[in-house]
Amino acid sequence: MMEGLKEALQFITKLKEESMEPKVLEIGGDTYCNKDLVRYHRFPMADRLGVNTLTALVDYIKGKPEELRESMILHVVSPVYVRLYSGLIDERDREELMKADAVVNEFRFNEYYDQERFLIELQANFLETPDLLTIMQVAGNIKSGTTANYSDDGVSQKTTVKMGVELNDVIVPNPVKLRPYRTFAEIEQPESSYVFRIKDTDRGPAFKLVEADGGLWKNGTMQKIKEYLEYELSEELKKYHITVIA
């Protein structure tokens, strides 16, 4: 009996609380409601759009200028990531309208591949260049065991490759200039230096590429993305007060 009376009183108390008029409070110059403390004047933020190309980003700015705020920022964060967000708004916050993430193939630098996988990855992840063709020729003709000998002085390597019925000494090129797919398709893929290494294993020859430029390509590529956006949006940048930074 007492338990039922307690539940009834709790129910009545809850109904009373819910029927009360909302109480408006001023805290630090801001207006709040006592029920859930949602600030009345907070600006609604748009959901961020996600795209994979710079073309889509440019098309959005040109096609939907009414969705932009008074001032906007195009931030080239990295060779594969660009953000479009507003200038400072309420409480020095920013509204992010769009992010562009480049779709790039992931070649695992600094790791050894077996022969078949290495040749496939080279064709899938790199633009064709003279050095790439040389590497593919060397890697494709090396056989494990009696048909190949390796010498390594720590800088360059020499291997004996069987060409038909003849054995020819081939100097493994180092460093090599290659252009992997690693930024937006609208931008020329950057060329960098790599160290090409070969080793013999129980499962046959193995190959790897080691980046040899310390990541300097990133700064140059980000600058090219900035230049691309400034060219494609030359009118819009002035008209809609858009700043491009990289």
Within 6.0 angstrom of K226 NZ, more than 12 heavy atoms from elsewhere
yes

Decide whether E186 and T55 meet the rule of one side-chain donor and one side-chain acceptor closer than 3.5 Å.
yes

Quick test of your reading: applying ring pair (Phe, Tyr, Trp, His ring centres under 6.0 Å), list the pairs with at least one residue in residues 205-230, sequence neighbours left out, ordered by first then second residue.
F118-F207

Would a distance-only check, ignoring hydrogens and angles, find a side-chain to backbone donor-acceptor pair under 3.5 Å from S86 to E95?
yes

Taking all atoms of both residues into account, what is the closest heavy-atom pair of P190 and P180, and its distance?
O-CD, 4.1 Å

Side chain proximity check, R197 to N174, heavy atoms < 4.5 angstrom:
yes

If you measure from the Lys or Arg side-chain nitrogens to the Asp or Glu carboxylate oxygens, is any gap between R108 and E121 under 4.0 Å?
no

With side chains defined as the heavy atoms from C-beta onward, is the minimum distance between M222 and K224 less than 4.5 Å?
no

State the OG-CG distance between S192 and L209, to the nearest 0.5 angstrom.
11.5 Å

Is any side-chain heavy atom of D114 closer than 4.5 Å to one of T201?
no

Which residues pass the ring-ring contact (aromatic ring centres under 6.0 Å, His included) test with F126, sequence neighbours left out?
F107

Checking L88 against R94 for the side chain to side chain contact (heavy atoms under 4.5 Å, CB included) test, could you report, in this order, the C-alpha distance in whole Å, the side-chain angles of both residues, the deciding distance, and whether it holds?
CA-CA 5 Å; L88 293 175; R94 299 185 189 277; 3.7 Å; yes

K208 vs E111 side-chain heavy atoms within contact, under 4.5 Å
no

Closest approach of A124 to N105 (non-hydrogen atoms, all atoms of both residues)
O-ND2, 3.1 Å

What I want to find out is whether K238 reaches E236 closely enough, with some N-O distance under 4.0 Å, to be called a salt bridge.
no

Interatomic distance, M98 atom CE to R48 atom CZ [nearest 0.5 angstrom]:
11.0 Å

Same cluster for F109 and I135 if Ile/Leu/Val/Met/Phe/Trp/Tyr side chains link at under 4.5 Å?
yes

Say whether Y181 and L178 are linked into one hydrophobic cluster, either directly or through other cluster members, by side-chain heavy-atom distances under 4.5 angstrom.
no

Within a 6.0 Å radius of atom CD on E128, are there more than 12 heavy atoms belonging to other residues, nucleotides or ligands?
no

Rounded to the nearest 0.5 angstrom, the CG-OG1 distance for L216 and T221 is 10.5 Å

Stepwise side chain to side chain contact (heavy atoms under 4.5 Å, CB included) check, L229 with I242
CA-CA 11 Å; L229 293 172; I242 302 173; over 6 Å; no

As an exercise, state the distance from OG1 of T243 to NE2 of H75, rounded to the nearest 0.5 Å.
12.0 Å

The reported gap from CD in E230 to CD in Q223 (rounded to nearest 0.5 angstrom) is 7.5 Å

With a 4.5 Å limit on heavy-atom distance, are the side chains of I120 and E116 in contact?
yes

Between M136 and Y194, is there a shared hydrophobic cluster once you connect ILVMFWY residues whose side-chain heavy atoms come closer than 4.5 Å?
yes

Can you check whether I198 reaches V138 side chain to side chain, under 4.5 Å on heavy atoms?
yes

Yes or no on side chain to side chain contact (heavy atoms under 4.5 Å, CB included) for L74 and L233, after CA distance, side-chain angles and deciding distance?
CA-CA 11 Å; L74 273 169; L233 296 168; 3.7 Å; yes

Are side-chain heavy atoms of L97 and L49 found at a separation under 4.5 Å?
no

Could you check whether any side-chain heavy atom of D59 comes within less than 4.5 Å of a side-chain heavy atom of V51, counting everything from C-beta outward?
no

Do L119 and Y112 land in one hydrophobic cluster if side-chain heavy atoms of ILVMFWY residues count as linked below 4.5 Å?
no

A quick test of your reading: do over 12 heavy atoms of other residues, nucleotides or ligands sit less than 6.0 Å from CG of N110?
yes

Just wondering, more than 12 heavy atoms not from K239 lying within 6.0 Å of its NZ?
no

Please round to the nearest 0.5 Å and tell me the distance separating atom CG of L127 and atom CD of E188.
9.0 Å

For a side chain to side chain contact (heavy atoms under 4.5 Å, CB included) check, start with the C-alpha distance between T129 and K177, then their side-chain angles and the critical distance, and finish with the verdict.
CA-CA 8 Å; T129 62; K177 297 286 188 179; over 6 Å; no

Does I73 share a hydrophobic cluster with I225, counting links as ILVMFWY side-chain heavy atoms below 4.5 Å and allowing steps through other members?
no

Shortest non-hydrogen contact from A212 to V195?
CB-CG2, 4.1 Å

Side-chain donor/acceptor pairs under 3.5 Å, residues 76-85, sequence neighbours excluded:
{"unit_1": "S78", "atom_1": "OG", "unit_2": "V80", "atom_2": "N", "d": "3.2"}
{"unit_1": "S78", "atom_1": "OG", "unit_2": "Y81", "atom_2": "N", "d": "3.3"}
{"unit_1": "R83", "atom_1": "NE", "unit_2": "E96", "atom_2": "OE2", "d": "3.3"}
{"unit_1": "R83", "atom_1": "NH2", "unit_2": "E96", "atom_2": "OE1", "d": "3.4"}

